[in-house]
Amino acid sequence: MFLNFNKNCLYIPRQVYDEMLAHAEQSYPHECCGVLVGSALKDRRVFSAHTVTNVNVERAKDRYDIDPKEILMIDRQARAEGLDILGFYHSHPDHPDRPSEFDRAMGQPGYSYVIISVKSGKTASVKCWAFDDVNDPFKEEKLKIG
Amino acid sequence: MAVKVRIPTPLRKLTNGADEVKADGANIKDVLNDLEKNFPGLKERICEPDGALRRFVNLYLNDEDIRFKDNLATTLKENDELSIIPAIAGGVF
């Protein structure tokens, strides 16, 4: 399977997007995280968002860490459906929707990273970020909802 | 042994876009060396210069983390599946 590495835009269905925001708000004041599954054969289209456990319990207010076994299982299911992991989402409680230095340090090229800024328990703003090569900075990727 | 290796998106530029490749080896270390022959640059994204598995890379043999088996010395059976799973983490600070 060949991926579309031209990351101009990430399409997310409204219902999936609303589920992601609800997850972020329910998790407040902790960070939430999830896995975005879809297809990148033509456009980059998310079909589903899988909520996963933030295993960084000690620092759940300002860090997230996804259990690789959960990623393995989601990847396996996605592959069986002819889909792929396109990226991940997480929340920034009471912080902006920009990637932090730690987000960049841990970031992986080719994935889309959706960041949901949650202020006082409510979604404030959402942006998507990605980079192509290991040494590139994050660049904003357009989000199209609907 | 021929095994299937699942390639995650961040490494697919090194496998010409392939999400799954075949590799040969009696154990995981051999498989990584075989991968490097066919896809130069792949091994250094998985292993430290001394050959140890990178801290932020996970390798699963079928359903098991190889760190809970014999790590890179884990022996393989025909048609085993090796999945490369990069650590996914981040956060505000």
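Heavy-atom basis, side chains included; hydrogens, waters and symmetry copies ignored. In the text below, chain A, chain B and the rest are named by the order of the sequence lines, each starting its count at 1.
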For this session: Please report the shortest heavy-atom distance between A/His90 and B/Gly91, naming the atom on each side.
Result: NE2-N, 4.0 Å

Exercise. About how many Å separate CG of A/Asp67 and CG of B/Asn58, when rounded to the nearest 0.5 Å?
Worked result: 8.5 Å

Exercise. Given a strict heavy-atom distance threshold of 4.5 Å, which part of A/Val134 is in contact with chain B: side chain, backbone, both, or neither?
Worked result: side chain

Problem set entry | Exercise: identify the closest heavy-atom pair between B/Ile88 and A/Ile71 | CG1-CD1, 3.6 Å

Exercise. Measuring heavy-atom distances to chain A, does B/Tyr60 have an atom under 4.5 Å in its side chain, in its backbone, in both, or in neither?
Worked result: side chain

Exercise. By a 4.5 Å heavy-atom criterion (distance strictly below it), what part of B/Ile85 contacts chain A: side chain, backbone, both, or neither?
Worked result: side chain

Exercise. What pair of heavy atoms forms the shortest contact from A/Glu31 to B/Gly90, and how long is it?
Worked result: OE1-O, 4.3 Å

For this session: Identify which part of A/Tyr64 has an atom lying under 4.5 Å from any heavy atom of chain B, answering side chain, backbone, both or neither.
Result: both

Seminar exercise, completed: When rounded to the nearest 0.5 Å, the distance separating CZ of B/Arg6 from CZ of A/Arg79 is 4.5 Å

Exercise. Is there a path from B/Leu82 to B/Leu14 through hydrophobic residues (I, L, V, M, F, W, Y) whose side chains come within less than 4.5 Å of each other?
Worked result: yes

Problem set entry | A/Lys61 side chain to B/Val92 backbone, donor-acceptor under 3.5 Å | no

Problem set entry | Which portion of A/Arg76 sits near chain B, non-hydrogen atoms under 4.5 angstrom | side chain

Problem set entry | Hydrophobic cluster identity match, B/Ile7 and B/Val31, side-chain contacts under 4.5 Å | yes

For this session: For atom CD of B/Glu78, decide whether the heavy atoms of other residues, nucleotides or ligands shown that lie under 6.0 angstrom number more than 12.
Result: yes

For this session: Identify which part of B/Glu81 has an atom lying under 4.5 Å from any heavy atom of chain A, answering side chain, backbone, both or neither.
Result: side chain

Exercise. At a heavy-atom separation under 4.5 Å, does A/His92 approach chain B through its side chain, its backbone, both, or neither?
Worked result: both

Problem set entry | Option that, when pairs with chain A are counted at under 4.5 Å, heavy atom only, ranks first among B/Pro8, B/Ser83, B/Pro10 | B/Pro10

For this session: Kindly give the heavy-atom pair with the smallest separation between A/Gly110 and B/Thr9, and that separation in Å.
Result: O-CG2, 3.6 Å

Exercise. Are there more than 12 heavy atoms of other residues, nucleotides or ligands under 6.0 Å from atom CD of A/Gln15?
Worked result: no

Problem set entry | Verify same cluster id: A/Leu10, A/Ile145 (apolar side-chain graph, 4.5 Å) | yes

Problem set entry | Interatomic spacing from NE2 in A/His95 to CZ in B/Phe93 - rounded to 0.5 Å | 3.5 Å

Exercise. If you count heavy-atom pairs under 4.5 Å with chain B, which of A/Pro68, A/Pro93, A/Pro96 comes out on top?
Worked result: A/Pro68

Problem set entry | A/Arg98, part contacting chain B, at a heavy-atom distance under 4.5 Å | neither

For this session: Sort out for me which of A/Val35, A/Asp65, A/Asn56, A/Val55 touches chain B most, counting heavy-atom pairs under 4.5 Å.
Result: A/Asp65

Problem set entry | B/Leu32-B/Leu76 co-clustered via ILVMFWY side chain contacts under 4.5 Å | yes

Exercise. Which pair of non-hydrogen atoms, one from A/Asp132 and one from B/Lys13, has the smallest distance, and what is that distance?
Worked result: O-NZ, 3.7 Å

Exercise. Which distance, rounded to the nearest 0.5 Å, do you find between the CG of A/Leu72 and the CG of B/Asn62?
Worked result: 9.5 Å

For this session: Say whether A/Met106 and B/Val57 are linked into one hydrophobic cluster, either directly or through other cluster members, by side-chain heavy-atom distances under 4.5 angstrom.
Result: no

For this session: Mark yes when over 12 heavy atoms from residues, nucleotides or ligands other than B/Lys22 sit less than 6.0 Å from its NZ; otherwise mark no.
Result: yes

Problem set entry | Non-hydrogen atoms of B/Arg45 and A/Pro109 that approach each other most closely | NH2-CG, 3.8 Å

Exercise. Given a strict heavy-atom distance threshold of 4.5 Å, which part of B/Asp65 is in contact with chain A: side chain, backbone, both, or neither?
Worked result: neither

Problem set entry | NZ/B/Lys29: more than 12 non-hydrogen atoms of other groups inside 6.0 Å | no

